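Before any comments, here is the structure.
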Amino acid sequence: MEAVRRWLLWLQGLALLWGRAVAGLEQILSTVHPAPAQVNFEALIIAMAVVAGLILVSITVCCCYCCYCRRRSRSRLDEEEEQLARKKEERRLQSLQRRHERKLKHDEIRKKYGLLQDSDNPYSRFENE
């Protein structure tokens, strides 16, 4: 019974921390008489404390893991966005380069056949000779 009283004192201190009273628990435990068929309340209290501790630890681990996963997935998305933006910019630059090369090639062909317009007056009429 001494161990039960020690646990009661511990539970009362815990209840004060959490703002709850354990007055009813003391009355219940003082009226219980140990018998061979009954449960060992000291073991029950220890088991409940262990289970509660495991639940708290598992909740804490899950929360920390979820926060880590969110942060990691955000960084992955940012990396993918940056990679897509780089590829898009590369394709745009390649397109501009090809367009410029085509324009030069077409200008050479126009120059060869005399179809190149004067740069002074690009809106002059085309005259057949």
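Please read these numbers as outputs of a predicted model, since none were measured by experiment.
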Original post:
Quick one: side chain to side chain contact (heavy atoms under 4.5 Å, CB included) partners of Y113, sequence neighbours excluded?
Top reply: I109, L115
**OP:** Give me the other members of the hydrophobic cluster that L104 sits in, counting Ile, Leu, Val, Met, Phe, Trp and Tyr linked by side-chain heavy atoms under 4.5 Å, directly or via other members.
**Re:** none
Show me the donor-acceptor pairs within less than 3.5 Å that the side chains of residues 44-51 make with the rest of the protein, sequence neighbours left out.
none

Subject >> Contacts of type side chain to side chain donor-acceptor pair (under 3.5 Å), residue E89, not counting sequence neighbours >> reply: R92
**OP:** Could you list the residues that satisfy salt bridge (Lys or Arg N to Asp or Glu O under 4.0 Å) with R86, not counting sequence neighbours?
**Re:** none
Subject >> Charged N-O contact under 4.0 Å between D107 and K103 >> reply: yes
Subject >> K87: side chain to side chain contact (heavy atoms under 4.5 Å, CB included) partners, not counting sequence neighbours >> reply: Q83, R91
Original post:
Taking only residues two or more places apart in sequence, or in another chain, which ones meet K112 in a side chain to side chain donor-acceptor pair (under 3.5 Å)?
Top reply: none
Show every donor-acceptor pair shorter than 3.5 Å between a side-chain atom in residues 95-102 and any protein atom, with sequence neighbours excluded, or say none if there are none.
none

Original post:
Transitive ILVMFWY cluster of V61 at side-chain heavy atoms under 4.5 Å: who else is in it?
Top reply: V57
